[in-house]
S.K.: 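Okay, handing you the structure first.
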Amino acid sequence: MTLIRYLLVGIVNTLVGLGTIYLAMYFLQMGVASSNAFGYLIGIMVSFALNKKWTFKSQDHPVYSFLRYLLVLLVAYVANLETVLFANSHFELNAYLSQALGIIPYTAIGFMGSRYFAFRERRGIQPTLEQANKSRTVKKASLTTRMTELSIVVPCYNEEAVLPETVQRLTELLQYLINKGKVTLDSCVYYVDDGSRDGTWSLIETLSKTNSFVRGIKLSRNLGHQNALLAGLLTVKGEVVISVDADLQDDLAAIEEMLDDYAAGYDIVYGVRSSRKTDTFFKNFTAIAYYRLLGIMGVEIIYNHADYRLMSRRVIDALREFGEVNLFLRGIIPQLGFSNTIVYYERADRFAGESKYPLKKMLSLAWQGITSFSNVPLKFITGLGLLVSLISFAVTIWAIWIKLFTELAIPGWASTVLPIYFLGGIQLLCLGIIGEYLAKIYMETKRRPRYIIEKTTGNL
Ligand code: UDP
Ligand code: MG
């Protein structure tokens with residue numbers, strides 16, 4: 001993984017470097033050596049930042065690790081230059097091909113050097129909340145014996161294959177928890193039928209007649225997992241609400257732990273899967289890439305946490321204030337604040353039936369997650385517009401210089417080509433500015449509560 005990240009950074013570095021070299025050589029008419037040096041300088045800055053933060057997640061001192069990184073690159077660069085010169089003179093390859101060849105020793109030396117020399121102190125990849133497990137020992141002591149009324153919310157979409165087993169297991173679990181005195185007798189499970197087209201609803205209806213733990217909520221039509229979940233969360237009555245998928249992929253044993261954490265004073269308990277062994281490589285890869293992307297976009301999210309979590313009544317009431325139509329619960333809940341912790345569990349295979357999240361729904365949820373929480377994409381346009389404007393300005397100056405001081409000017413070139421770039425840049429910039437306002441409107445229209453009171457004391 002690190003190597004892949006390093007290679008990606010390498011590609012970025014090479015692109016930036018080569019781009020700069022190209023610009024320097026052909027536009028600024030610099031010599032091969034000086035434009036190479038210029039290209040590397042820019043490339044080094046970019047790659048250092050990326051490698052430190054992203055590839056190796058290093059916590060080294062920036063200056064020292066930069067110096068070490070420079071040393072590594074110097075060695076790698078010498079090897080690279082040797083290869084390039086050798087290839088250039090002996091095989092008469094052109095600058096690009098020999099440059100490409102030179103990347104091989106450059107990368108090898110660069111990676112090893114960066115890994116073991118430049119970035120020594122690596123942050124452990126533990127992207128979970130700091131609070132996790134912090135006070136486990138204290139907690140046990142402060143466990144109260146008070147019973148809580150528990151509501152479990154289970155969204156179901158075409159789940160008739162797995163539902164009987166789910167109901168059975170959840171019933172057993174509730175009985176066990178009642179016997180242990182952890183939850184009250186009126187605790188129950190709410191099955192939210194998300195407009196299923198199979199026998200899910202009739203199954204829920206029949207089961208609710210014989211099983212007092214079964215309650216059903218039927219949605220008018222299929223509104224998607226997130227909306228079904230929300231409907232359940234905002235409807236149920238319990239003092240504590242736990243949401244869990246119908247397919248038994250999430251280990252139900254974690255519920256007892258969640259309740260213990262609640263008793264210890266936590267308002268939100270996130271169920272986090274400890275491994276992704278049961279998922280396909282594709283799902284794994286896309287999930288990890290996605291969490292990273294969200295991080296870059298500044299969306300706060302719990303790594304490897306889906307929608308298996310405990311929420312207290314206070315949290316549900318706060319959630320109710322969020323009137324947004326585009327729902328991404330995983331992103332909203334961390335924004336609520338409150339004291340929270342994590343419970344780890346092993347994620348199993350689906351018990352029966354097949355995934356109700358085909359690629360299309362997955363992509364749509366992923367996009368929802370970005371666009372509901374981040375206006376980085378809009379800011380990106382502004383940046384791009386600014387960049388293109390600056391470049392076209394530089395090229396204009398260059399064209400004037402050619403016209404005034406050399407014989408190389410091609411009639412009509414500047415007057416045709418420059419306006420295209422210039423206007424393109426201006427247009428992007430304007431789009432970006434419009435985007436900035438759009439972003440403001442977008443945040444306003446969400447009408448999110450501006451504050452949430454966790455509790456009060458004394459007579460207000
Ligand atoms: N689900 C839903 N509405 C939908 C799609 C899914 O209520 O439109 C429910 C589904 O019944 C299950 C949960 O959401 O309880 C998670 O779906 P699934 O297990 O298929 O997703 P995966 O685990 O494959 O990501
Ligand atoms: Mg599932």
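Atoms considered below: every heavy atom in the structure, side chains included; atoms not considered: hydrogens, waters and symmetry mates. The structure displayed is predicted, hence computed values, not measured ones. Atoms within each ligand, like the ligands themselves, are counted from 1 in listed order.
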S.K.: As an exercise, identify every atom of ligand 1 less than 4.0 angstrom from a heavy atom of Glu159.
M.R.: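 What qualifies from ligand 1 is 10 (C), 11 (O), 12 (C), 15 (O).
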
S.K.: Could you report the tightest heavy-atom contact between Val343 and Glu257, atom names first, then the distance?
M.R.: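 Looking at all heavy atoms of both residues, the closest pair is CG1-OE1, 3.7 Å.
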
S.K.: What is the distance from atom OG1 of Thr184 to atom CD1 of Ile178, rounded to the nearest 0.5 Å?
M.R.: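 It is 7.0 Å, given to the nearest 0.5 Å.
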
S.K.: Identify the protein heavy atom lying closest to atom 25 (O) of ligand 1, giving its residue, its atom name and the separation to 0.1 Å.
M.R.: Lys283 NZ, 3.1 Å

S.K.: Taking the non-hydrogen atoms of Arg347, is any one of them nearer than 4.0 angstrom to ligand 1?
M.R.: yes

S.K.: Heavy-atom contacts with Asn222 under 4.0 Å: which atoms of ligand 1 show up? List them by number with element.
M.R.: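 Counting from 1, the qualifying ligand atoms are 3 (N), 4 (C), 8 (O).
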
S.K.: Is it true that Arg347 and Asp251 make a salt bridge, defined as a side-chain N closer than 4.0 Å to a carboxylate O?
M.R.: no

S.K.: Given 3.5 Å as the limit, does a donor-acceptor pair link the side chain of Arg215 with the main chain of Tyr190, or not?
M.R.: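 No; zero donor-acceptor contacts below 3.5 Å.
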
S.K.: Identify the closest protein heavy atom to atom 21 (O) of ligand 1: which residue and atom is it, and at what distance?
M.R.: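 The answer is Tyr357 CD1, 3.2 Å.
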
S.K.: In the protein, which heavy atom is nearest to atom 1 (N) of ligand 1, and how far is it?
M.R.: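 Heavy-atom neighbour on the protein nearest atom 1 (N) of ligand 1: Tyr157 CB, 3.6 Å.
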
S.K.: Within the distance-only criterion (no hydrogens, no angle test), does the side chain of Arg313 pair as donor or acceptor with the backbone N or O of Glu239 below 3.5 angstrom?
M.R.: no

S.K.: Among all protein heavy atoms in this structure, tell me which lies nearest to atom 24 (O) of ligand 1, with the distance rounded to 0.1 Å.
M.R.: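 Protein heavy atom at minimum distance: Ser355 OG, 2.5 Å.
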
S.K.: Which residue owns the protein heavy atom closest to atom 20 (O) of ligand 1, what's the atom, and how far is it?
M.R.: Lys356 N, 2.4 Å

S.K.: Strictly under 2.8 Å, is the Mg ion (ligand 2) approached by any N, O or S atom of Asp245?
M.R.: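 For Asp245, the answer is no, given that no N, O or S atom comes within less than 2.8 Å of the Mg ion (ligand 2).
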
S.K.: Check for a donor-acceptor pair, side chain of Arg330 on one end and backbone N or O of Ile302 on the other, with a separation under 3.5 Å.
M.R.: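 No, because the side chain of Arg330 does not come within donor-acceptor range (under 3.5 Å) of the backbone of Ile302.
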
S.K.: Within the distance-only criterion (no hydrogens, no angle test), does the side chain of Thr20 pair as donor or acceptor with the backbone N or O of Val16 below 3.5 angstrom?
M.R.: yes

S.K.: Among all the protein's non-hydrogen atoms, which is closest to atom 3 (N) of ligand 1, and how far away is it?
M.R.: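 Sorting protein heavy atoms by distance from atom 3 (N) of ligand 1 puts Asp194 OD2, 2.5 Å first.
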
S.K.: Looking only at protein heavy atoms, which one is nearest to atom 8 (O) of ligand 1, and what is the separation?
M.R.: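 Looking at atom 8 (O) of ligand 1, the protein heavy atom closest to it is Lys361 NZ, 2.8 Å.
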
S.K.: Please list the nearest protein heavy atom to atom 9 (C) of ligand 1 with its residue and the distance rounded to 0.1 Å.
M.R.: Pro155 O, 3.8 Å

S.K.: Any atoms of ligand 1 less than 4.0 Å from a non-hydrogen atom of Asp247? List them with their elements.
M.R.: 18 (P), 19 (O), 23 (O)

S.K.: Regarding ligand 1, does Ala228 bring an N or O atom to under 3.5 Å of one of the ligand's N or O atoms?
M.R.: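 No; every N/O pair is 3.5 Å or more apart.
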
S.K.: Distance check, rounded to the nearest 0.5 Å: Leu429 atom CG versus Leu386 atom CG?
M.R.: 6.0 Å

S.K.: Of all N, O or S atoms in Asp247, which has the smallest distance to the Mg ion (ligand 2)?
M.R.: OD2

S.K.: For Asp193, is there any backbone N or O sitting under 3.5 Å from a side-chain donor or acceptor partner on Ser196?
M.R.: no

S.K.: Salt bridge check, Asp260 against Lys182: does any charged N sit closer than 4.0 Å to a carboxylate O?
M.R.: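 Yes, charged N to carboxylate O under 4.0 Å.
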
S.K.: Looking only at N/O atoms, are Asp245 and ligand 1 under 3.5 Å apart anywhere?
M.R.: no

